[in-house]
Every structure is written in C-alpha cells, then in structure tokens.
Amino acid sequence: MTTPNDSTSATGPELAKAYDFKAVEPKWYRRWLEEKKFSATMEQGRPNFSIVIPPPNVTGVLHVGHALNNTLQDILVRYRRMQGANTLWVPGTDHAGIATQNVVERQLAQEGTSRHDIGRRKFVERVWQWREESGGQIINQLKRLGCSCDWDRERFTMDEGLSRAVKTVFTRLYREGLIYQGDYIINWCPRCHTALADLEVEHEPTDGKLYHIRYPFASGEGYLVVATTRPETMLGDTAVAVHPADERFSGLSEKAVILPLVGRKIPIVGDTHVEREFGTGALKVTPAHDLNDFEIARRHDLPAVKIMDDNGVMNQSAGDYAGLDRFACRKKIVADLEALGLMDKIEPLQHGVGHCYRCHTVVEPTLSKQWFVSVKPLADKAIAAVKEERIRIHPKSWENTFFDWMYNIRDWCISRQIWWGHQIPAWTCVTCGELVVADIDPDVCPKCRGANLHRETDVLDTWFSSALWPFSTLGWPDQTPELGHFYPTSVLITSFDILFFWVARMMMMGIHFMGEVPFRDVYLHALVRDAQGQKMSKSKGNVMDPLELMDQYGTDALRFTMAAFAAQGRDIKLSEERIEGYRHFINKIWNAARFALMHIGDCTPGAALPAPRSLPLHHRWILSRLNRTTAEVHAALGGFNFNEAANALYQFVWREFCDWYLEWSKADLYGDDPAAKATGRQVLLTVLENTLKLLHPLIPFVTEEIWEVLPGARTSIMTEPFPEVEDARQDDEAETAVTLLMGIIGGIRNIRSEMGLHPSAELEVVVICHDPQRAERIAAYASAICAMSRARRVTVRETGERPKGAASNIFTDIEIFVPLEGLIDIDKEMAKLDKDKEKVVAQLDKVRGKLGNEKFLANAPADIVAKEQEKLDAMSAQLAKIEENIKRLRELA
RNA sequence: AGGCGCGUAGCUCAGUGGGAGAGCGCUACACUGACACUGUAGAGGUCGGCGGUUCGACCCCGCCCGUGCCUACCA
C-alpha cells in the first residue's frame, strides 16, 4: 500500500503487520517439494555433502529430541547447499522390531486374537499393513519441521534393497567366522519373548532383599550360609562358590552341600570371582540363570539346570514349584525355607535390576542358543579410525567414553525371537543336519542335495540393519553412483545415548564392508530434558510436544530455540519462555523487512555498492558488522557450535541492525537528499539480503517468505549463495567511530531517564571532547546524535566552561552536559554523580592495587600492564571530571 | 563401584587466566509512521563451599556439598 503522493516511500509490496507463520510455513514447504529443491544432484566438480538421518522408529511420533536432532541436521544441509555443495540428506525410518511388534500385538489383543493364533505369515502381513496405514507419521512431522531431506530417496530398514544388504552382510560375516551360533547365557525378556543384547537391558536401582540361606553340608553336620537376591534360582544351583583364599572356608572345597528343597548334592568350588566382603562370602551358582554364574560354571565344568520357561514360569526342573511364576515362586521358596528353619536372615538391599528397554519387564538371564557377532576384530578397526582421526567425534570429550566401551566390548547377541524383522538367512537341512547360511535362499542342501530345508525362525536385532544404514541406503551391495558420490557421508548428527547402539556399530560395519569410514565427523548433541533435568518420557508425563510448540510459536521459533540451546557438552533443559522469546525475534525480523520494503521497492538487487570507504559512516559500520557476523556464523557452523551462530545472528539483527542501523537510516530514507536516499536504499537492501541468507539455514520459512517479495526477480533463497567474508568490508575505523557516537547517545538518553525528563522533551546538549579529531567527528554527526537522542541541538567543544546547572555524564573521556538552567533537580543529579563516582572509585582501586604491586609489574605481560595503566589514566580523568561536576553542583545548591 | 557432566542475575542458559553476559521476568517512562510479538533507561550476581597454584582465579588443581547421566559380574 502506498499513497500516491507520498514521495518518501517507494513502491513495493506491503507486508502484514505481524508475521503469520501458520499461513507461510505449509505454503513454502509445499513449494519446495514441488520444485524438487531438496533433491540431490550428482554433478561433477562440486564438493559433496551428505548426511544420513538417524532413522526414527516407524512407530515413533516426533518428540523434542527429534526436533533438536533434525533441526541441527537441516541447518548444516541448508548451509552447505547454499555454499554450493551437492547435498544429499537421506531420510527414512527404522522398522523397530520389538517396538513395532508390540504395537501390532496390542492391536491383535484388542481384537481378541494373537500372533500365535494367526501365524507368522499373516502376522507379518498385518505389520506391513499397519505400516502402510499408520506407520511413519513421523515423516510428515519432519516435513513440518522444514527438513530438506531428499524424500525421493526415503528408505526403510525393511526395504527390499536394505534387506539384501542385511543378508549379504550376515553371510559374509558368517563365512569370515565373525558370526557364530552358540549356547550362551543371554538376557531374556519373558514379556517380549526374545533375547536382548546387553545394551538393551536397563539397569535400575531397585529396593530388594538379600536372603541368607543355609545350605547343609552333605556330611550331615553344620551348614554353609549363602546370600542371594533371587532365592528362586536356587532350584537351578549346581554349586556353591567361595573365594579360594578365604580362610573362613579353607578346607571346604573337598566338601559338598545338599541343596535345600531339592536335595541335590552340589560341590563347593573356589573361584576368585567371589567377593569376600559381600554377603557371607559364599555364592550360590546358577549357571543357567546368571551371567557370572555361567562363567564360573565354565571354569569349573559345572552342569547347568534351566528352571524357567520362556514366560518366566518355573518348568519341570523346578520340581514341586513347576508352573509357578518366578516371583510367586520366590515367595513360596522363602516361606518354605523359613518353615524349615533354613532362612538365616533377610536384609534389605538396594541393587541394580535389569529391565527390558522396550517393555520394562524384569529381564531373566537365561541359557539359550543364539547368534552372535564376534565384535572385537571389528571394534579394533573402529578404535583405530577414531585414534587416527579419520573419524572425529564432537565434542571430543565423548572419545573417552567411546574408547572405554570399545575396549571392553563383548560379543553382540543379534538373534531375536520375534517375527517382525530380517529373518536370519540360515537353514538347517532336515536330512543331513547341515547348517546353510546364504544371501540367496537355497533350494537344496549343498551337502546332501536334500530339499527339506528348515529356515531359522529368529530375526536379527534391529540395530544390525541400522548399522548398515550409511551404505545400505545408498544402494549397497550394488555399486551405485550414489555410493561413489556420497560415501563416506560428511557428518553424522545424533544424540549421545545411541553412541554404542548405533554409531559404534556403523563404524564397525562401514569400515569392514566399505573399507572406509561411514562418516568423517560425528556430532553428538545433548538430550533434551525437562526442567528437573529428567529424561522426558510419556510415563513421567513430562514431555513437551514439538508439534504443539510449532502450532503455538511457529517452526522457525522452535528451530531457532533448538539451535540457541545446542551448546556442546551440556544437557538441554527446554524452556517454553525462550521459545516465545524467539518467536518475538522472528517477528522482529519480519517487521524490519516490512520497514525496509517500504523504501527499497524500486531498488536494483545486486547493484554494486560504492567503494566501502566512500560511504557514510553508518553504512560502513553496518557492512562491517555484517561481515563480522558472517565470519562468526561460518566459524560457528563449521565447528558445530550452533548456539554461537544463533546468538551472533540474534545480536546482529536485533541489537545492531534494528536498534541502530535502521534508526540511523531513517534520516536518509525519509529525508530530502536523493543521493543519500538512493545509497541508503541500496545498502539497506544489501544488508537485508545477506542477513536473510545468513539466517536461512536456521529459520527457513520466514526468510523465504521475505525473500520472495524483495525487489527484482527472485527464485528461492534456498539456492542463493551463502554470504562469504570479505576483508574489504571489515572496517575497524567505522566501528570505533560508531562506538563513540553510540556512547554519546547513550549518555544523553541516560541523563534523560535519570533526570526524569520526558521522552519527547527536546534537549540542548553540550559535548566536551579534548581530542580535536574525535570532536570533529562528533560534530559531523551531530544531526544523527540529535535524531537518536531527541536532542534539539548538540554543541561540541574542545575546551571551555562547563555549562552551569547542567546534568552531566561521561563516556570514556568525553563529557556530556544537558543544561537545565533552573529546571535541574539538584538532588537527583547529585545522587547520580555519587553513584557514578562510587563505580569509578571501586574500579580505580582495583587498578591501583594491581599497578602498585611490584610482582604484577614484574610478571604480567607488558601489554596487560600497559592496558592497566591506560585504565588508570582514563578512570582518574573520569573521576576528576565527576568530582568537578559535584563541586559545581554544590555551588549551585 | 567406576566414568562423565553440571552448580554463573528471580527463571532458562552462554562465557573467559587479566575490568561478570544474553533471553525471559522485574522497575520507571513512552502508543514519533517497521514492530506493544515495541522502544528507552534501570535494578539485580561474595560466578555452590573450603583450600591450593598464580603477580592475578568465575576460569587451572584438590577436597567437600548438591544435582544429573552413563558404564559395571559384589550375588
């Protein structure tokens, strides 16, 4: 909207008074998709930049952790894209074996049926059906976040291609002897009916009891007391262990005890694993239901007795207790032992109890035949890659944790007794018993040619397929152009809590199968926690829903907040107030653009600006500040310091561009000087354009919306070149000069406020500056000072009489007076001067203390000493001036 | 048990071996034509505690207290 006879305003589109993100965000995302703006290009001669998304569970909904994770990725991808790289951000989801199976099983239960009723084939079909209908909603939520993924390349870990990669990897590792099958103790979830890897067990401190149980000696006389937290497992005991050097038990190793309730005679063995200080120093050994006991049994060649079934219910080996749930059995056993007088005592004990990470059931260690990856050889290569900095972990502090885990890594149990997942490509020949592992389904047994092959029913750990993600998504095992272009990927951005689950395993698999690391840099960001620092979880009810936050504050505000909070090495306790604050920031940008557009409507974009030094001061200044900000943004994003980029931009846009430059420019833009007006418009447009570009990776929507209406033919800001640092724009002289003027303006404003003068009162100002050069500069910009401090007139003097009855202020060595003859409130002014004096005196004392210290003079670097000396001089002069003003004020009173 | 991290303004958080910062909140004033999702000015902190290193410590070191997380085979 322009009024026809308004000569100060150029033609141009008018923006709405407030930014309406609800209308803008969906519009732009749709258009970006339509125009295929996110598609990877595979041109030669440009740098490549690729990221694979940490695939969210197909069952997942977007939580704040995803919002953080994907915002950071999108910032880097958009930044590199604007820098001209061939960028590829591969999106996708993870089939989340146990989690997804649980979802569909719950559905079936509601229908009054179960997976066992309908059978494996039908069940898997149901899962696929569920995935089609309601799975992967998180993908749309990522789009809502503005993620610039190449959606045409979206992958799913159960895709045909990825399945082929899984089979290939499994087969090769098997043939290399790095995958084996064996009977070992594993973590069993009786609810999910599957084995779990060690990592998938969550240990939680739990209040339990330590039961002291008497095991009578086989000789018939006396007993040995063992201590256990799980008395029900005694039914499977096959020995009692004591420390071989424990004198209390010397000579006992020849003896045996009779297992109470069971009557089995079991030996006493000596094993150094036993902790003498704990309990009674005698440990019952249950090889089939305890990880450590299993190891002890192997050392002493002890038998193992399984006493529970897959449901955690006691089995036939439990004798009279068969059919009882493990916890009911515990009660009964305790009662029975007490009745027999064999329970010595029961004491409370807090100890760690393993829970299933998916369903939170107490895990039961169980002896079972499973498939394992022998990880040590793979881990060694990953360790080397990090040591040699072929992979850099950021923040570096995580490296220690990484090494620690990798050095102590244990074989990885990869088989799961569920139906949803990659079925293990292994067959047993029913005829001859041959085990066949093959990436292509065999028709006949290669050994006996028998056609009756029985396929392994287990599926693989979901993380097994995730470990292949950086290359399987690019087409491996086929040698695709994508692999050549984008592997190794540039950077992996993920949360530290899956460093072991996922990151380490990708390193191992990538190095082993590609012969090259899967990514150059790993950036581990913090976990988003609630105000108490607790992990957010549905069960705790402390979740913040990013979708609601986007509804309320806009996507850009949420994204900017995420970036601003992403300081390295620290947890994020998200604060809604901060999001609101950044919504205001988005609106501020909008209004700055709105103001600009009222003036730059007929500017020519890209027109060359006059030589920097020939421009008026404020233009030189803002261009210099812009350049400095550009440098800060590059440095910050290059080092994964997202918060520094956000803060630098926030400060620049609001505190410098809006607060000072736009205000200063109003004189040009509303004034009568056509040349000044033209220059002002051109610089304004230049600064606005570059600022929007710098901001775009963080806040894509509002920047794109503004970009579109800037003068000239505009395509998307997404593909505009990102601003580069130009040394010629760095103008320290202009920055120093503007700091001087700002100080004077601030001094005048302070007087106005402190003296209670009305904001619209037009003040007379006298500035005394002894330095002729600066005095001249101040005088030259007197009108700007007037405009921004609402002064009627600024008189600059190099020397001379201080005005009588004036309020005063000091900026460095420059004195500012506002004569208020007759009007001055002497008490107020006196109070202000006293306060100023107090401050200066306090600082002066500090400096004097330093300079009076010979050791300081002797040891401190010369430049520091010189600086302190300068400070002393400056503050002494200030103090003298303040005291002079106080004296004069007294005379007045 | 070990490891890692944190404790800075009322709240949420940056930061650095040489004069303590931001946002929000608070106080006062102001609807001047980009913006009240605003502007101007201001108040507010012995940088968890105690020692040590240093000319100098919020920053480095030790201990303590509080707090959070990760790994662990004391049942």
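Residue numbers begin at 1 in each chain, while the letters A, B, ... track the order of the sequences.
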Go through B:A41, B:C24, B:C55 for me and flag the one nearest to the A:N750 side chain. B:A41

Classify the nucleic acid contact of A:E754 as base, sugar-phosphate or nothing, counting any heavy atom under 4.0 Å across all strands shown. sugar-phosphate

Contact class for A:A18 (heavy atom, under 4.0 Å): base, sugar-phosphate, or nothing? base

Measuring to OP1 and OP2 of B:G19, would you say a side-chain N or O of A:K871 lies under 4.0 angstrom away? yes

Say whether A:E202 and A:Y357, considering side chains only, have a donor N or O and an acceptor N or O under 3.5 Å apart. no

Just checking A:D293: base, sugar-phosphate only, or nothing, at a heavy-atom cut-off of under 4.0 Å? nothing

Can you tell me which nucleotide in B:U71, B:C37, B:G23 comes closest to the side chain of A:R578? B:G23

Sugar-phosphate only, base, or nothing, as touched by A:M755 at under 4.0 Å among non-hydrogen atoms: nothing

When all nucleic acid strands are considered with a 4.0 Å heavy-atom cut-off, which category describes A:Q651: base, sugar-phosphate, or nothing? sugar-phosphate

For B:U16 and B:C59, measure between their P atoms and round to the nearest Å. 13 Å

When you compare B:A28 with B:C60, how far apart are their C1' atoms, in angstrom units rounded to a whole number? 43 Å

I want to check one thing: is the phosphate of B:C35, taken as OP1 and OP2, less than 4.0 Å away from some side-chain N or O of A:K17? yes

5' priority, RNA chain B, between A:K867 and A:E277 [closest heavy atom]: A:K867

Tell which nucleotide pairs with B:U67, taking only Watson-Crick or G-U wobble pairs whose two distances are both under 3.5 angstrom. B:G5

For A:F701 together with A:F21, are the ring centres under 6.0 Å from each other? no

If pairing means Watson-Crick or G-U wobble with both distances under 3.5 Å, then the partner of B:C73 is none

Return no unless some side-chain N or O of A:K666 is found under 4.0 Å from OP1 or OP2 of B:G33. no

A:Q350, CD: over 12 other non-hydrogen atoms inside 6.0 angstrom: yes

When all nucleic acid strands are considered with a 4.0 Å heavy-atom cut-off, which category describes A:L291: base, sugar-phosphate, or nothing? nothing

May I ask you to verify if any side-chain N or O of A:R655 is less than 4.0 angstrom from the OP1 or OP2 atom of B:G23? yes

For atom P, what is the distance between B:C65 and B:C50, given to the nearest Å? 15 Å

Check the distance between B:A1's P and A:L349's CG and give it to me in whole angstrom. 13 Å

Rounded off to whole Å, could you give me the CE-to-P distance for the A:M562 and B:U12 pair? 17 Å

Taking any heavy-atom pair under 4.0 Å as a contact, classify A:L662: base, sugar-phosphate, or nothing. base

Which base, if any, makes a Watson-Crick or G-U wobble pair with B:A28, both distances under 3.5 Å? B:U40

Give the nucleotide from the list B:G19, B:A75, B:C35 with an atom nearest to the side chain of A:F278. B:A75

Any idea which of B:A75, B:U71, B:C35 is nearest the A:N587 side chain? B:C35

Once you apply a heavy-atom cut-off of 4.0 Å, does A:E663 come out as touching a base, just sugar-phosphate, or nothing? base

Separation of the P atoms in B:G62 and B:C6, to the nearest angstrom: 14 Å

When you look at NZ of A:K871, are more than 12 heavy atoms from neighbouring residues, nucleotides or ligands closer to it than 6.0 Å? yes

For the pair made of CD in A:Q878 and P in B:G19, what is the distance, rounded to whole Å? 16 Å

Do the ring centers of A:Y582 and A:Y553 come within less than 6.0 Å of each other? no

Is there a donor-acceptor pair under 3.5 Å between the side chain of A:R749 and the backbone N or O of A:M788? yes

Would you kindly give the CG-to-P distance between A:N647 and B:C24, to the nearest whole Å? 13 Å

A:S753 has a side chain; which of B:C74, B:A20, B:A41 sits nearest to it? B:A41

Contact class for A:G354 (heavy atom, under 4.0 Å): base, sugar-phosphate, or nothing? nothing

Take the angle between the ring planes of A:Y650 and A:F560 and call it parallel below 30°, perpendicular above 60°, tilted in between. tilted

At under 4.0 Å, does any side-chain N or O of A:N859 touch on OP1 or OP2 of B:C55? yes

Given atom CZ of A:R752 and atom C1' of B:U32, what is their separation to the nearest angstrom? 12 Å

Rounded to whole Å, NE2 of A:H351 lies from C1' of B:A72 at a distance of 15 Å

Can you check the distance between B:C73 and B:G5, where both ends of the measurement are the P atom (answer in whole Å)? 23 Å

Dump the intermediate steps for side-chain contact (heavy atoms from CB on, under 4.5 Å) on A:F595 and A:K666, then the final yes or no. CA-CA 10 Å; A:F595 168 77; A:K666 283 177 182 173; 3.7 Å; yes

Write down the distance separating the C1' atoms in B:U38 and B:C24, rounded off to the nearest Å. 16 Å

Given B:C70, B:U38, B:G18, the nucleotide with the shortest approach to the side chain of A:I864: B:G18

Quick one: label A:Y582 by what it contacts on the DNA or RNA (base, sugar-phosphate, nothing), any heavy atom closer than 4.0 Å. nothing

Residues in salt bridge (charged side-chain N to carboxylate O under 4.0 Å, His left out) contact with A:D411, at least two apart in sequence or another chain: none

Quick one: look up who B:G51 pairs with, Watson-Crick or G-U, both distances under 3.5 Å, and put none if it's unpaired. B:C61

Remember a base hit wins even if backbone is also touched, and classify A:F585 as base, sugar-phosphate or nothing at under 4.0 Å, heavy atoms. nothing

Using the P atom on both, measure B:U53 against B:A14 and round to a whole Å. 32 Å

Do any side-chain nitrogens or oxygens of A:H203 fall under 4.0 Å of OP1 or OP2 in B:U71? no

Partner nucleotide, any strand, of B:G17 [Watson-Crick/G-U, under 3.5 Å]: none

Nearest to the side chain of A:P759, which nucleotide is it out of B:G39, B:A75, B:A30? B:A30

Categorize A:E868 for me: base, sugar-phosphate, or nothing, with a 4.0 angstrom heavy-atom threshold over every strand shown. sugar-phosphate

Which one, B:A43, B:C24, B:C74, comes nearest to the side chain of A:E275? B:C74

Could you tell me whether the phosphate oxygens of B:U71, OP1 or OP2, come under 4.0 Å of any side-chain nitrogen or oxygen in A:W398? no

What is the distance from NZ of A:K855 to P of B:U53, rounded to the nearest Å? 11 Å

Of B:C37, B:U32, B:U71, the nucleotide closest to the side chain of A:L199 is B:U71

For A:T229, answer base if it contacts any base atom (sugar-phosphate contacts may also be present), sugar-phosphate if it contacts only those atoms, and nothing otherwise; contact means non-hydrogen atoms under 4.0 Å. sugar-phosphate

Under-3.5 Å donor-acceptor pair between A:R749 side chain and B:U40 base: no

Picking from B:A75, B:U32, B:C55, which would you name as closest to the side chain of A:F856? B:C55

B:A22 pairs with, by Watson-Crick or G-U criteria that keep both distances under 3.5 Å: B:U12

State whether the number of non-hydrogen atoms from other residues, nucleotides or ligands found under 6.0 Å of A:K209 atom NZ is greater than 12. no

Taking the C1' atom of each, how far is B:C58 from B:G25, in whole Å? 24 Å

